[in-house]
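Sequence lines set the chain letters: A, B, ... in the order given, protein chains first and strands last, and positions in each chain run from 1.
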Amino acid sequence: MPELPEAETIVRDLRDRIVGHAVTGIAVIRPDILAPGLTRDHLDASLAGYRILAVDRRAKNIVLRFDTGRILLVNLGMTGRLVLDDSPRAAELRHVAVRFGLDDGRTLLYDDIRRFGRMELHSPESWAERDATLGTEPLSEDFTAERLFEMTRGTRVPLRNWLLDQRKVAGVGNIYANEALFRAGLHPARPAGSIDLEEAARLRDAIRNVLEEAIEARGTTFSDYRDASGEAGAYEPRLRVYGREGRPCPVCGTPLQRIVISNRSAFFCPRCQK
DNA sequence: AACGCGCCCTGTCCGC
DNA sequence: TGCGGACAGGGCGCGT
């Protein structure tokens, strides 16, 4: 997916381009990406004619706030894209699932090859409950070494898996989990509860640094990610371990390894990461 | 309760 | 050139 930096890039672009505009109508081409119970009619009745007040991000989710208090959450899954149709790349989209008409004639397209994405419609109350299921924002002031240390106590879950749990640290996915563990010198299979406070501090800093650098580069395009104009991100060449099995470690030159943890690849340097 | 696993779906790439 | 299998950045629901 689009992890936190990719969602953040889309949010910043969309914010400048759609805030203040009203949605005029909604077409749902692939209803299976709507949350259970949500229908086109429900979506249309709740959003059509109303103005977008804000575009925010929570974890990997894009959050559109309307002037009625309603909130539309878009999770991009693995291959979801939110692209405005006034960008030249929009014509390349082959799997449009939902179209949002805007009051100036533009259309916001939701495209999703694999349809792992989800759209949820929330009231302020249901949004508060949903929001509470998501963990600490890693770029917020709340995300301290002490907090990370405390959260990992008592679990034997491998660090790489622990970082993917959105109830703990929200927004980290497999690419940045692997990159952060490399930077922190921590082995992906190591039990999360085994790190000490000093290691937690390294991991906290590594997570923040890699996410911030990836946002500056407008995200990582490993294969499918595109921004709100349909353009690829520029961070992929700067990945240090993800997808680089057999290539030399950028620090010590040892060939990087790939292992499978819980059916997902983990990449690491067998010498640098303990 | 916490955790691991299989699955949702399409596209691409690799080896034969 | 074609075909089968592995694999892909996420997250849910299930069983243990």
Could you tell me the separation between the [atom1] atom of [X] and the [atom2] atom of [N], rounded to a whole number of Å?
{"X": "A/Arg258", "N": "C/dA6", "atom1": "CZ", "atom2": "P", "value": "12 Å"}
{"X": "A/Trp162", "N": "B/dG4", "atom1": "CH2", "atom2": "C1'", "value": "18 Å"}
{"X": "A/Ile62", "N": "C/dG9", "atom1": "CD1", "atom2": "C1'", "value": "14 Å"}
{"X": "A/Ile215", "N": "C/dG9", "atom1": "CD1", "atom2": "C1'", "value": "16 Å"}
{"X": "A/Arg118", "N": "C/dC12", "atom1": "CZ", "atom2": "C1'", "value": "9 Å"}
{"X": "A/Glu8", "N": "C/dG9", "atom1": "CD", "atom2": "C1'", "value": "17 Å"}
{"X": "A/Arg167", "N": "C/dG13", "atom1": "CZ", "atom2": "C1'", "value": "12 Å"}
{"X": "A/Asn161", "N": "B/dA2", "atom1": "CG", "atom2": "P", "value": "16 Å"}

For this session: Validate the cation-pi geometry between A/Arg153 and A/Phe149: distance from NZ or CZ to the six-membered ring centre under 6.0 Å, angle to the ring axis within 45°.
Result: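 Verdict for A/Phe149: a cation-pi partner in A/Arg153.
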Listed pairs, N/O of protein and of nucleotides 9-13 of chain B, under 3.5 Å:
residue: B/dC9; atom: O4'; partner: A/Arg114; partner atom: O; Å: 3.4
residue: B/dC9; atom: O3'; partner: A/Arg115; partner atom: NH2; Å: 3.2
residue: B/dC9; atom: O2; partner: A/Arg114; partner atom: NE; Å: 2.8
residue: B/dC9; atom: N3; partner: A/Arg114; partner atom: NH2; Å: 3.4
residue: B/dG11; atom: OP1; partner: A/His95; partner atom: NE2; Å: 3.0

Problem set entry | is_close_aromatic(A/Tyr242, A/Phe222), centroid dist under 6.0 Å |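 Yes; A/Phe222 has its ring centre under 6.0 Å from that of A/Tyr242.
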Can we say [X] and [Y] salt-bridge, meaning some charged N sits less than 4.0 Å from an Asp/Glu carboxylate O?
{"X": "A/Glu231", "Y": "A/Arg226", "result": "no"}
{"X": "A/Asp112", "Y": "A/Arg30", "result": "no"}
{"X": "A/Asp86", "Y": "A/Arg17", "result": "yes"}
{"X": "A/Arg65", "Y": "A/Asp56", "result": "yes"}
{"X": "A/Lys168", "Y": "A/Asp165", "result": "yes"}

Exercise. What interatomic distance, in whole Å, is found between P of B/dA1 and the corresponding atom of C/dG11?
Worked result: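 Result for the P pair: 23 Å, nearest Å.
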Is there a side-chain polar atom (N or O) of [X] under 4.0 Å from OP1 or OP2 of [N]?
{"X": "A/Ser265", "N": "C/dC7", "value": "no"}
{"X": "A/Asn75", "N": "C/dG11", "value": "yes"}
{"X": "A/Tyr242", "N": "C/dG9", "value": "yes"}

For this session: Find the partner of B/dC9: check Watson-Crick (N1-N3 plus N6-O4 or O6-N4) and G-U wobble (N1-O2, O6-N3) distances, both under 3.5 Å, and reply none if neither fits.
Result: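 Checking every strand shown, B/dC9 finds no partner, since no pair has both distances under 3.5 Å.
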For this session: With a 3.5 angstrom cut-off on both distances, give the Watson-Crick or G-U wobble partner of B/dC14, or none if there isn't one.
Result: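 Its partner is C/dG4 (Watson-Crick or G-U wobble, both distances under 3.5 Å).
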For this session: Supply the atom-to-atom distance A/Lys60 NZ to A/Glu6 CD, rounded to the nearest 0.5 angstrom.
Result: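 Between A/Lys60 NZ and A/Glu6 CD, I get 9.5 Å after rounding to 0.5 Å.
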For this session: State whether the side chain of A/Gln166 and the backbone N or O of A/Val172 hold a donor-acceptor pair below 3.5 Å, judged by distance alone.
Result: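 Judged by distance alone, yes, a pair lies under 3.5 Å.
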Under 3.5 Å, N/O pairs linking protein and nucleotides 5-7 of chain B:
residue: B/dG6; atom: OP2; partner: A/Asn263; partner atom: ND2; Å: 3.2

